[in-house]
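Let me begin by presenting the structure, written as structure tokens, before commenting on it.
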Amino acid sequence: MNIFTKLKEDIEDLLKSEIKKGTFEAIEEDLLSRFSVEPPRDASFGDMSTNVCLVLASRFHKKPFEMAEILMEKLKAFPDIESVEKAGAGFLNMRMKPQFWAKQLEEILKEGSAYGESFIGNNEKVNIEFTSANPTGPLHVGHARGAIFGDCLSSLLQKVGYDVTREYYINDAGAQVAKLAKSTYLRYLEALGEKIDEIPEGLYPGEYLKDVGALIVQEDGEKWKNASEEEYLPYFKKKTIHEMMRLIKTDLELAGIKFDVFSSEKKIAESGQVDKVMKILTDKGLVYEGELPPPKGLKSDEDWEPHKMTIFKSTEFGDEVDRPLKRADGSYTYFTPDIGYQLNKYERGFKKLIMVLGADHAGYVARMKAAVKAVTEGKASIDFELGQMINFSENGVPMKMSKRAGTLVWFRDLLNDVGKDVTRFYMMTRKNDSQLEFDLVKVKEQSKDNPVFYVQYAHARAASVRKKAENFFNTKADEFIKDADLSLLGEEEIALVKRLATWPRQVEMAASVYEPHRLSYFLYDVASDFHSLWNLGRTDETKRFIDEGNVDLTKARIALVLGMMNVIASGLQIFGVTPAEEM
RNA sequence: GCGCUUGUAGCUCAGCUGGAUAGAGUGUCGCCCUCCGAAGGCGAAGGUCGUGAGUUCGAAUCUCGCCAAGCGCACCA
């Protein structure tokens, strides 16, 4: 439960009843919710703060401080509120009673790592498409960010009550696939002992295709040796795609990512989806035959020959220029099947679509938004989350990556080197759309400037305290904290409870802006509070979590420790990171 | 030339979708272990929030101009 939302609702109810009593003038109902209840910037102001008087006083034809006077008295009567103060230009700052915080801790303990879940998503279906790397080889580090971000965003939206489908689009149709299959064929011949020259320009030279070639030899022997391209191509396409997807799925598994749906471009196209798109757009009068102007970035010395093609009037839906659906030779551009795919999602019941892409696909956004609007009559919306690139370095030395130079690092190499948990958490320490520095050496450092470590360390340390307490009480912690008297907790300890109690709000806020990275900062703060508390016990033995001379206080403190572990676990769960029991 | 993203402490970055005195880490300086995990804690110093205007009770946050960086701008996906 989000305690801020709860208090806001209570204040709204209060306003309504005071309007009834005639304290305030009647105003439109929807205005009554246009204020906020938030934690104050400075904790010394109180626990919760509202701008309700600033926002609404003028509507009631009152001055903010006048309205504040009136509300103060009413709020003081709330059972959980200890005191109310006016501040600034008309803020109301409230302090909650200690029992209130004790109740929050009880709830955290009851809910475990489920704490922070909510229903604001209302079980709405959301389709999140991410990764969707072409099945031409294993995932490389360039896919890492999108894959992890997409997965974490999915978990985050699930946490707040959306019905999330993680989806991967397999580009298994088109010219690239034929090139891929031809490359495999060369490797097949090679595996049969034939001498092949260098893989020709335009084909795929990747080593991993050798395995596919060898596999086909193993299964089919010389069956395809003298086959014509026409004969071998369909099988080699299918086989190679299948094997490449196996590699990709292995990589994903290593990263802790599990997709719900893999959609095949080929299958969707074969179902007539592309023709359907043409028909819908044509029927709406959004298609014409014509020529497009030369691209804006064209340098004057480059050639540009206009062709007559079939074009979608995407400018009617906010795009910069109209986009071609069919080339001059009548074949479809990549764009048309893609529209068909988005329509397919809509037909499967998704009205909320999210696509996670690299920033280099930014040009794709406007046209696809336009297309989705057109083809679903505005009933579905598609949001794009563009991830900026990662600059990889090793001890400060930038790593150059290129396929040609063969220095490209595979995603699996990254995962094996740095570890799944560290990689995932570290990706969540930056906003998706800002550039990320990823130093393969620094992310493994075990110090507090590494948030991954710092948060895990707090959890491991807490686990160690729990273990020690369990030895002391000779029972499981869950048992002996049952009769803990949480009112015994001191001010510093309550401060941590207060932070933990804002967790549901943090999750909701992060979810509402699709920014899971915010949670990493919150977890860092929780860890920091915990480490501080710990250190109080260094100089003052009575402040240790386990005070053998004070059994009751020890129980209450261990309850707090477990509560903190729950919140860290709840957050790490969203990130797909396993909380460390020891390090 | 146009579009998108970004610009906050020396460095790396947060900043709660317009709120109160702009925050962390790192680096620099000072302090705290006869051990519940010092892999940590406490404190000092450090900012004209790129820049110029505008919107209003109130702007790092919204609008516009300018400057700078990254990415993109074909019938390639």
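In this text, all values refer to a predicted model and were calculated from it rather than measured experimentally. Per chain, numbering begins at 1; letters A, B, ... match sequence-line order.
The separation of B:G1 from B:C66, taken at their P atoms, amounts to 11 Å, rounded to a whole angstrom. Look at the C1' atom in both B:C64 and B:A74: the space between them is 33 Å, to the nearest Å. Separation of the C1' atoms belonging to B:G19 and B:U61 is 11 Å when rounded to the nearest angstrom. Comparing the P positions of B:G15 and B:C36 gives an interatomic distance of 36 Å, to the nearest angstrom. Going from the P atom of B:G50 to that of B:U12 covers 15 Å, rounded to whole Å. Spacing between B:C13 and B:U6 at atom P, rounded to whole Å, works out to 14 Å. Taking atom C1' in both B:G47 and B:G23, the straight-line distance is 11 Å, to the nearest Å. Using C1' as the reference atom, B:G27 and B:C62 are 36 Å apart when rounded to the nearest Å.
Nucleic acid contact for A:L536: none, since no nucleic acid atom lies under 4.0 Å from a heavy atom of the residue. Residue A:H531 is classed as a sugar-phosphate contact, given heavy-atom separations below 4.0 Å to backbone atoms only. Residue contacts shown for A:E582 include a base, since a base heavy atom lies under 4.0 Å away. Across all strands shown, A:A460 has heavy atoms under 4.0 Å from base atoms, whether or not it also approaches the sugar-phosphate. Among the heavy atoms of the strands, none lies under 4.0 Å from A:N432. Within 4.0 Å of A:F453, counting heavy atoms only, lies at least one base atom of the nucleic acid. Across all strands shown, A:R505 has heavy atoms under 4.0 Å from base atoms, whether or not it also approaches the sugar-phosphate. Here A:R466 lies out of heavy-atom contact (under 4.0 Å) with every strand. Residue A:H517 is in sugar-phosphate contact alone, with no base atom involved, counting any heavy-atom pair closer than 4.0 Å across all strands shown. Counting any heavy atom pair closer than 4.0 Å across all strands shown, A:Y364 reaches no nucleic acid atom. Residue-level contact check: A:S58 touches neither bases nor backbone, having no heavy atom under 4.0 Å from any strand. Among the heavy atoms of the strands, none lies under 4.0 Å from A:K326.
In this model, the phosphate group of B:A14 is not approached by any side-chain N or O of A:R518 to a distance below 4.0 Å at OP1 or OP2. Between A:H459 and B:G37 there is no side-chain N or O to OP1 or OP2 distance below 4.0 Å. Between B:C13 and A:Y426, no contact under 4.0 Å exists linking OP1 or OP2 to a side-chain N or O. Between A:S532 and the phosphate of B:C42, there is a side-chain N or O to OP1/OP2 separation shorter than 4.0 Å. Under 4.0 angstrom from either OP1 or OP2 of B:C76 there lies at least one side-chain N or O belonging to A:R327.
Judged by atom type and distance alone, A:Y334 reaches the base of B:A77 through a side-chain donor-acceptor pair under 3.5 Å. Side-chain atoms of A:S464 and base atoms of B:G37 include a donor and an acceptor less than 3.5 Å apart.
Nearer to the 5' terminus of RNA chain B, by closest-nucleotide assignment, is the contact made by A:F91 (compared with the other of A:T333 and A:F91). If you find the closest nucleotide of RNA chain B to A:D338 and to A:L54, the one lying nearer the 5' end belongs to A:L54.
Proximity of A:Y426 to A:F438: side-chain heavy atoms (C-beta onward) are separated by under 4.5 Å at one or more points. For the pair A:T5 and A:E508, the minimum side-chain heavy-atom distance is below 4.5 Å.
In this structure, CG of A:D329 is placed 14 Å from C1' of B:C76, rounded to the nearest angstrom. Straight-line distance from the CG atom of A:N450 to the C1' atom of B:U12: 13 Å, rounded to whole Å. For the pair A:D322 CG and B:C75 C1', the computed distance is 15 Å after rounding to whole Å. Atom CZ of A:R34 and atom P of B:G19 are 17 Å apart (whole Å). The CD-P distance, from A:Q342 to B:A77, rounds to 16 Å in whole Å. Atom CZ of A:R430 is separated from atom P of B:A14 by 6 Å (rounded to the nearest Å).
Considering only side-chain atoms of A:K431, the nucleotide from B:A14, B:G19, B:G37 that sits closest is B:A14. Taking only side-chain atoms of A:I546, from C-beta outward, the nucleotide of B:C71, B:A77, B:C36 with the closest atom is B:C36. The listed nucleotides are B:A77, B:U12, B:A14; the one nearest the side chain of A:Y521 is B:A14. Comparing B:C75, B:G40, B:C13 by their closest approach to the side chain of A:M309 singles out B:C75. The listed nucleotides are B:G15, B:C13, B:G19; the one nearest the side chain of A:V55 is B:G19.
The side-chain tip of A:R323 does not point at the ring of A:F335 from less than 6.0 angstrom away and within 45° of straight on. Taking the ring axis of A:Y204 as reference, the NZ or CZ atom of A:K179 does not stay both within 45° of it and closer than 6.0 Å to the ring centre.
Taking the six-membered ring where the residue is Trp, the centroids of A:Y524 and A:Y454 are separated by under 6.0 Å.
Taken from CZ in A:F453 to CZ in A:F425, the straight-line distance is 12.5 Å, to the nearest 0.5 Å. The line from OH of A:Y364 to CG of A:L386 is 12.0 Å long, rounded to the nearest 0.5 Å. Atom CD in A:Q506 sits 11.0 Å away from atom CG in A:L500 (nearest 0.5 Å).
A stacked arrangement is assigned to A:W534 and the six-membered base ring of B:C36, with a centre-to-centre distance below 5.5 Å and an interplanar angle below 30°.
Within a 6.0 Å sphere centred on CD of A:E491, heavy atoms belonging to other residues, nucleotides or ligands number 12 at most. The local environment of CD in A:E582 is sparse, with at most 12 non-hydrogen atoms from other residues, nucleotides or ligands closer than 6.0 Å.
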Where do N or O atoms of nucleotides 3-5 of chain B meet protein N or O atoms at under 3.5 Å, pair by pair?
unit_1 : atom_1 : unit_2 : atom_2 : d
B:U5   : O2'    : A:D433 : O      : 2.8

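For the 3.5 Å distance criterion, the side chains of A:E437 and A:S393 fail to qualify, holding no donor opposite an acceptor.
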